[in-house]
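Residues take their numbers from the sequence shown, with the count starting at 1.
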Amino acid sequence: ADQRDFSVLPDAPSEMDYALQWLGQEKIQGALLDVGCAGLRLLASAAWFRKRAGVDIVSFPAWAGHRDIDARVCDLDEGALPFESESFDAVTCLMVVEHVFDPYHAIRELRRVCKPAGRVIVGVPNLAGIKRRLELLCGKLPITSSQNSFTEGGWDGYHLHNFTKDSLE
């Protein structure tokens with residue numbers, strides 16, 4: 001039998017890792033907004049930005065430890081982002097748009113607060129990914145909510161919308 005220890009393998013890169021790598025490679029700096037900032041991991045890792053801000057639907061305890069980051073509560077389903085138009089050089093929004101009621105409003109807000117030459121990075125689960133295609137071929141639909149959604153193996157995180165690369169574009 002195979003006795004190799006796979007527990008020491010590094011985790012696969014996350015959407016956050018890819019976003020940070022791309023921002024660094026493009027030498028984008030100045031002001032960064034992370035929509036769906038949670039515990040501020042992305043913003044804390046992007047220390048080369050002179051201004052870092054984040055919003056999430058609720059506050060997180062980690063915010064207290066990062067006084068240099070402007071973290072605010074904001075519900076995109078209730079209105080606009082609490083920032084002036086064209087105030088950020090980069091805006092990240094990773095694994096958020098699939099959860100809001102109106103993704104068109106959310107994307108318009110991301111673009112509104114980003115400078116004209118700035119970058120908006122959006123990440124969503126890909127319904128057309130190979131894992132999803134195989135599940136659909138087997139007749140298994142994504143479970144977006146149910147009475148026992150936290151214990152069901154197919155739970156899909158209460159996503160309100162599904163996207164493919166083309167539908168996101």
Side-chain angles (χ1 to χ4, degrees), residues 11-26 28 31-43 45-46 49 52-58 60 71-169:
D11 291 333
S14 68
E15 292 80 11
M16 180 191 83
D17 297 323
Y18 288 121
L20 288 168
Q21 179 181 7
W22 188 79
L23 289 169
Q25 284 177 347
E26 293 292 313
I28 298 171
L32 171 65
L33 171 65
D34 184 26
V35 176
C37 65
L40 305 177
R41 281 187 50 223
L42 185 145
L43 292 166
S45 298
F49 282 89
R52 294 171 291 160
V55 297
D56 213 310
I57 195 166
V58 296
F60 286 76
R72 304 181 193 186
V73 172
C74 174
D75 183 348
L76 270 174
D77 289 325
E78 297 293 324
L81 289 167
F83 302 101
E84 296 292 322
S85 296
E86 301 179 7
S87 53
F88 292 95
D89 298 284
V91 177
T92 57
C93 184
L94 307 175
M95 303 305 155
V96 173
V97 176
E98 68 274 16
H99 297 281
V100 299
F101 289 119
D102 185 352
Y104 297 99
H105 165 73
I107 298 298
R108 279 191 303 271
E109 279 299 295
L110 301 178
R111 192 66 211 134
R112 179 186 67 78
V113 300
C114 191
K115 293 178 181 177
R119 300 290 189 268
V120 175
I121 300 174
V122 176
V124 295
N126 183 1
L127 186 64
I130 190 68
K131 177 179 181 275
R132 288 291 186 210
R133 287 178 187 232
L134 292 172
E135 289 173 351
L136 289 168
L137 277 172
C138 294
K140 186 176 180 187
L141 294 173
I143 299 170
T144 56
S145 66
S146 76
Q147 187 175 12
N148 303 310
S149 60
F150 286 104
T151 58
E152 292 182 26
W155 180 65
D156 201 29
Y158 290 107
H159 297 166
L160 299 175
H161 309 281
N162 289 300
F163 293 94
T164 64
K165 180 182 180 292
D166 289 341
S167 69
L168 180 63
E169 288 176 354

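Other residues, nucleotides and ligands contribute at most 12 non-hydrogen atoms within 6.0 Å of the CZ atom of R41. Atom CD of E84 is surrounded by 12 or fewer heavy atoms from other residues, nucleotides or ligands within 6.0 Å.
Note that CD1 of I28 is 14.5 Å distant from CZ of F88, once rounded to the nearest 0.5 Å. Distance check: T92 OG1 to M16 CE gives 10.0 Å after rounding to the nearest 0.5 Å. The structure places CG of L33 at 7.5 Å from CG of L110, a figure rounded to the nearest 0.5 Å. In this structure, L76 CG and H99 NE2 are separated by 12.5 Å, a value rounded to the nearest 0.5 Å. In this structure, Y18 OH and I121 CD1 are separated by 13.5 Å, a value rounded to the nearest 0.5 Å. If you take SG on C37 and CG on L32, they are separated by 10.5 Å, rounding to the nearest 0.5 Å.
Summarising the geometry of L43 relative to R52, their closest heavy-atom pair is O-NH1, 2.8 Å, with the distance given to 0.1 Å. In terms of heavy-atom proximity, S87 sits nearest to A31 at O-CB, 3.7 Å. Considering all non-hydrogen atoms of both residues, G36 and V96 come closest at CA-CG2, 3.8 Å. In plain terms, the two heavy atoms of C114 and R119 that are nearest each other are SG-N, 3.5 Å. Taking both residues in full, the closest heavy atoms of A71 and L40 are given as CB-CD2, 4.2 Å, listed atom of the first, atom of the second, then distance.
R111 contributes no side-chain N or O that, together with a main-chain N or O of A106, makes up a donor-acceptor pair within less than 3.5 Å. Distance alone, capped at 3.5 Å, is enough to place a donor-acceptor pair between the E109 side chain and the L81 backbone. Of the possible donor and acceptor atoms, none in the side chain of D77 sits under 3.5 Å from a partner among the backbone N and O of V100. Remark: side-chain polar atoms of R72 are not paired, donor with acceptor, to backbone N or O of F83 under 3.5 angstrom.
Between D17 and S14 there is a side-chain heavy-atom pair separated by less than 4.5 Å.
Tested against C74, the residues I57, V35, D56, V55 include a single side chain to side chain contact (heavy atoms under 4.5 Å, CB included) partner, V55.
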